[in-house]
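Quick note: numbers below take in every heavy atom, side chains included, and nothing from hydrogens, waters or symmetry partners.
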Amino acid sequence: MAIHLTKESKILVQGMTGGEGMKHTRRMLAAGTNVVGGVNPRKAGRTVDFDDRPVPVFGSVAGGVDATGADVTVVFVPPAFTKAAVTEAADAGIGLAVVITEGVPVHDSVAFLAHARRRGTRVIGPNCPGLISPGQSGAGIIPADITKPGRIGLVSKSGTLTYQLMYELRDIGFSTCVGIGGDPVVGTTHIDCLAAFQDDPDTDLIVLIGEIGGDAEERAAAYIRDHVTKPVVGYIAGFTAPEGRTMGHAGAIVSGSSGTARAKQQALEAAGVRVGRTPTETARQVLAALDAGA
């Protein structure tokens, strides 16, 4: 099994005919992802060939869903059009919208996330790398060749650290890796993924990657303490961040001691989570936790 994305998932790509959409659609197809169509109202009816794999272009998400039965969309559209794209996908009955776009205005994110929630559409992102269930499917920009299928679940704010931990633990492998994005408002949280991994019988251990700013990791720690029985290993980016300087994602806002890497580490450790101070140390903590449970 996996969470949110499996080999049965049928994927549309909104913005497939743009530069980023073309590049990453080709990569998704090469990884075995079932991309069933693209969406571009100006190029409806055309077909794009990706290394001899023809992919049709539809004029709307609803048209793509009707023609293919798609249940996932990956959004590669400019920030100004992201709200309309996600709203359209939710109205078409898409179950999962993966929003890769960076720089989406927060008020737009608030609006389309509320609309998607009302329509029953899960949103991952915005400003995220997407998710991948190795050996099954990938929706977004996460490389498919740096790990293998396994029994670790990973949820991360950071795209780069997602890739690094996947590579560090490539010999063990992952059930699903989810990059939730680092914006102040995102559609899927650490807690959402923790709950899904807790319920997934093919996930034995969970890796949680956070970063300085906000209180998402502290809230995740409280959830782990009360609801998660599987071992969890954490890493917080920003232990060496200089005080008083803006860092990284838009959500990385530190107020006094609240939101610091140390405060997050303490909250997680109080919930029984092993926390590494570097990605490599975090990978070692994962190996130790697996050995302890063997």
Side-chain angles (χ1 to χ4, degrees), residues 1-14 16 21-38 50-56 64-65 68-76 89 93-100 121-125 128-156 159 161-181 187-188 190 192-209 230 286 290:
M1 290 182 65
I3 70 166
H4 305 321
L5 191 73
T6 70
K7 61 184 177 181
E8 283 79 30
S9 300
K10 297 179 179 179
I11 297 177
L12 291 175
V13 181
Q14 290 174 262
M16 184 185 76
M22 290 283 286
K23 178 174 67 176
H24 291 292
T25 297
R26 178 171 283 106
R27 290 178 175 178
M28 286 189 279
L29 287 166
T33 300
N34 187 17
V35 178
V36 296
F50 293 93
D51 302 322
D52 298 323
R53 166 75 183 270
V55 177
V65 170
T68 67
D71 52 4
V72 178
T73 184
V74 184
V75 179
F76 286 104
I94 286 285
L96 175 66
V98 182
V99 185
I100 307 301
T121 298
R122 173 176 294 282
V123 176
I124 295 177
C128 77
L131 72 164
I132 186 170
S133 297
Q136 297 192 58
S137 185
I141 64 175
I142 298 176
D145 58 353
I146 57 175
T147 193
K148 68 178 183 179
R151 302 183 69 87
I152 300 172
L154 186 151
V155 53
S156 172
L161 291 172
T162 299
Y163 314 151
Q164 183 166 356
L165 263 296
M166 287 172 62
Y167 182 77
E168 296 261 7
L169 294 165
R170 62 194 180 279
D171 292 335
I172 301 173
F174 293 82
S175 54
T176 303
C177 303
V178 186
I180 60 174
T188 296
H190 284 117
D192 295 328
C193 292
L194 288 166
F197 283 132
Q198 172 68 20
D199 291 339
D200 177 24
D202 288 337
T203 297
D204 294 337
L205 179 146
I206 304 166
V207 176
L208 182 151
I209 301 176
K230 297 178 180 180
V286 170
L290 290 172

message = Are the side chains of Phe50 and Met22 in contact, using a 4.5 Å heavy-atom criterion?
response = yes

ask   = Less than 4.5 Å apart, any side-chain heavy atom of Val286 and any of Glu168?
value = no

query = Is there a donor-acceptor contact under 3.5 Å from the side chain of Thr188 to the main chain of Val123?
reply = yes

key: Inter-residue atom distance Thr25.OG1 - Ile11.CD1, 0.5 Å rounding   = 9.5 Å

ask   = To the nearest 0.5 Å, what is the distance between CD1 (Ile146) and SG (Cys177)?
value = 8.0 Å

remark   = Shortest non-hydrogen pair, Tyr163 vs Pro129, comes out as OH-CB, 3.4 Å

ask   = Sub-3.5 Å donor-acceptor pair from the side chain of Lys148 to the main-chain atoms of Asp171, do we have one?
value = yes

Minimum-distance pair of heavy atoms, taken over all atoms of Pro201 and Asp204 = O-OD1, 4.4 Å

task = Give a yes or no on whether the backbone of Val35 and the side-chain of Arg53 come within a donor-acceptor separation of less than 3.5 Å.
result = yes

key: Contact check, side chains of Ile180 and Cys128, non-hydrogen atoms, under 4.5 Å   = no

ask   = Which atoms form the tightest heavy-atom contact between Lys230 and Asp200, and what is the distance?
value = NZ-O, 2.6 Å

message = To the nearest 0.5 Å, what is the distance between SG on Cys193 and CG on Leu154?
response = 9.5 Å

task = Applying side-chain contact (heavy atoms from CB on, under 4.5 Å) between Thr73 and each of Val99, Thr121, Val13, Ile94, report the one that passes.
result = Ile94

ask   = Taking the side chain from Asp71 and the backbone from Lys10, do they hold a donor-acceptor pair closer than 3.5 Å?
value = yes

key: Non-hydrogen side-chain atoms of Thr176 and His4 separated by less than 4.5 Å   = no

ask   = Which one of Val207, Ile152, Leu161, Thr147 satisfies the side-chain contact (heavy atoms from CB on, under 4.5 Å) criterion with Met166?
value = Thr147

inquiry  = Let me confirm one number: the CD1-CD1 distance from Ile142 to Ile100, rounded to the nearest 0.5 Å.
reply    = 8.0 Å

request  = With rounding to the nearest 0.5 Å, note down the distance linking CD1 in Ile141 to CE in Met28.
outcome  = 10.0 Å

inquiry  = Between Val55 and Leu29, does the side-chain contact (heavy atoms from CB on, under 4.5 Å) criterion hold? Intermediate values first, please.
reply    = CA-CA 10 Å; Val55 177; Leu29 287 166; 4.0 Å; yes

ask   = Is it true that Arg151 and Asp202 have a side-chain N and a carboxylate O under 4.0 angstrom from each other?
value = yes

ask   = In Å, rounded to the nearest 0.5 Å, how long is the span from OG1 of Thr203 to CD1 of Ile3?
value = 7.0 Å

task = For residues Ser156 and Leu165, determine if any side-chain heavy atom of one lies less than 4.5 Å from a side-chain heavy atom of the other.
result = no

task = Would you confirm whether Ser133, through its side chain, and Leu5, through its main-chain N or O, come within 3.5 Å as a donor-acceptor pair?
result = yes

side-chain contact (heavy atoms from CB on, under 4.5 Å) assessment of Ile124 paired with Leu96 = CA-CA 8 Å; Ile124 295 177; Leu96 175 66; 3.9 Å; yes

request  = Return yes if some donor-acceptor pair links the side-chain N/O of Arg27 with the main-chain N/O of His24 below 3.5 Å, else return no.
outcome  = no

message = If the condition is ring-ring contact (aromatic ring centres under 6.0 Å, His included), which residues does Phe197 pass it with, not counting sequence neighbours?
response = none

note = Taking every heavy atom of Ala2 against every heavy atom of Ser175, the minimum-distance pair comes out as CB-O, 3.9 Å

